[in-house]
Number of protein chains: 2
Amino acid sequence: MNNFDLHKPLPYYLQFYEKIKQMIVNGEYEPGQRINETQLAKAFGVSRSPIREAMRLLEKDGLLVADQKTGFIIYSLSPEDVEEIYQIRTALESLAIELCITRASDEELLFIEQLLDRTAEEIKQGAEDSRLIELNEHFHQLILEYSHNKHLKKQLDSVNVLIYFCRVLNFKGKGRAAEILDEHQQVFTFMKKRSLKAVEHMQQHLHHDLVYLQKRLNTKRD
Amino acid sequence: MNNFDLHKPLPYYLQFYEKIKQMIVNGEYEPGQRINETQLAKAFGVSRSPIREAMRLLEKDGLLVADQKTGFIIYSLSPEDVEEIYQIRTALESLAIELCITRASDEELLFIEQLLDRTAEEIKQGAEDSRLIELNEHFHQLILEYSHNKHLKKQLDSVNVLIYFCRVLNFKGKGRAAEILDEHQQVFTFMKKRSLKAVEHMQQHLHHDLVYLQKRLNTKRD
DNA sequence: ATAGATTTGTACGTATGTATA
DNA sequence: TTATACATACGTACAAATCTA
């Protein structure tokens with residue numbers, strides 16, 4: 001007996017849930033576009049059953065929105081939505097960092113510091129946009145993880161799905177990757193001292209994100 | 001042509017989603033108990049398809065939890081979960097009330113005041129537990145609605161589902177219905193003045209809820 | 001407005017994997 | 001452990017609703 005094949009493959013409905021989610025956040029569908037389960041099932045070479053179940057989950061995420069009659073359309077992010085979502089994100093990330101400050105072990109804080117160092121290094125070496133998105137994302141994820149509140153993680157993840165569209169904008173072209181790293185480092189300075197000032201700095205950081213996003217959303221519209 | 005029958009009935013999968021959700025939060029299943037789609041389908045006299053889709057939604061809500069192998073069990077609320085969830089709830093309700101203070105119209109505030117008056121009246125007349133739960137819930141819902149952030153409403157609703165179990169405990173037996181009304185009235189005093197002190201009072205109110213719940217959860221365990 | 005073509009909602013059948021004796 | 005029963009994942013079929021010509 002060998003050690004391979006240790007876990008069974010995920011069921012189709014979960015695989016397609018992830019797959020379609022990626023397609024949506026990566027902009028492979030036009031926002032507002034209608035989505036067709038029959039067509040998707042054919043495209044993936046499976047029956048409609050697992051596709052339907054995946055679509056139910058995507059609707060819960062808010063990535064699919066019920067059409068007037070029946071069926072779904074792709075979520076379309078309005079400027080008001082961005083603002084609303086950032087208000088929520090700020091509230092939850094504030095909680096996360098507050099909990100993290102009191103609960104994270106010294107070792108966990110060290111992991112965060114190492115991540116920031118690595119990010120600085122990779123920026124210097126001209127890493128790709130997608131890689132920077134990943135590293136930036138990871139900073140927030142670590143804080144979340146070290147807040148040791150599983151439910152908070154779940155909630156924030158579900159908010160973050162909707163702003164992933166935005167996350168991409170934040171890095172496209174010149175982006176503000178260097179600025180973001182700088183802000184993350186500032187936040188961490190206070191985390192290291194376990195000072196609540198980290199919360200304020202995180203809030204400012206997220207506010208900068210929001211302002212930047214709104215600017216880009218407006219220019220895109222022209 | 002008449003005005004009746006204006007909306008078509010919901011599809012089964014949505015009807016059963018609501019139905020099963022109610023059954024779970026009302027304690028008709030034992031937490032941790034395994035749930036069987038074949039059995040449910042038979043009990044409701046439908047095929048497994050709509051039941052399956054309903055169950056996916058319930059899993060997203062967190063009311064059903066994936067079993068090790070396959071299938072679902074009913075979510076079981078641990079004391080740690082209660083604390084985690086209340087932390088999130090407090091963060092989101094704080095945001096809600098902060099937004100409400102700046103955005104709600106005078107008329108909207110009046111609606112809240114009327115709700116509190118009505119609640120006081122019904123308590124005096126010895127209303128039922130279920131009715132008091134409803135009125136209490138409605139206070140929080142109005143604040144949420146008048147915060148004018150649709151996404152926040154969605155998020156908080158999804159948190160609240162998990163603590164609805166608790167909500168019931170809050171009123172069973174003697175409960176603290178009168179105390180809750182009192183705290184709501186205090187919160188509202190500051191809302192009326194559009195003072196941020198309302199936020200603090202809401203936080204205290206939720207903390208009292210939490211402490212009370214934990215006490216009841218512990219005594220129940222004996 | 002009607003007829004035909006899509007598309008969704010639901011029933012049902014089958015295969016595979018899991019529990020149970 | 002093996003064999004049986006059972007539950008779930010997925011496919012297929014059909015009916016009802018919706019769209020389109």
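Residue numbering restarts at 1 for every chain, and letters A, B, ... go by the order of the sequence lines.
- How far CG of A:N136 is from CD of A:Q141: 10.5 Å, rounded to the nearest 0.5 Å.
- Under the 4.5 Å side-chain criterion, counting only non-hydrogen atoms from C-beta, B:F139 is in contact with B:I143.
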Could you go through the ring-ring contact (aromatic ring centres under 6.0 Å, His included) check for A:H184 and A:H138 one step at a time? CA-CA 11 Å; A:H184 283 183; A:H138 201 52; over 10 Å; no

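- Scanning both residues, A:D81 and A:S76, for their nearest heavy atoms gives OD2-O, 3.7 Å.
- Using a 3.5 Å distance cut-off with no hydrogens or angles, the side chains of B:H151 and A:E80 do not pair a donor with an acceptor.
- Annotation: cation-pi pair A:R56/B:Y13 present, NZ/CZ under 6.0 Å from the ring centroid and within 45° of its normal.
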With B for base contact, S for sugar-phosphate-only contact and - for none (protein heavy atoms under 4.0 Å), nucleotides 7-14 of chain C reads SBBBBBB-

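- Whole-Å rounding puts the B:D67 CG to D:dT8 P distance at 10 Å.
- Each end of the helix from C:dT2-D:dA21 to C:dA21-D:dT2 gets its own axis, taken as the rotation carrying the C1' atoms of four end pairs onto the next four within a five-pair window, and the two axes meet at 10° to the nearest 10 degrees.
- By the 6.0 Å contact criterion, CD on B:E128 is open, its count of non-hydrogen atoms from other residues, nucleotides or ligands being 12 or less.
- Contact check for A:L156 versus A:R89: side-chain heavy atoms found under the 4.5 Å cut-off.
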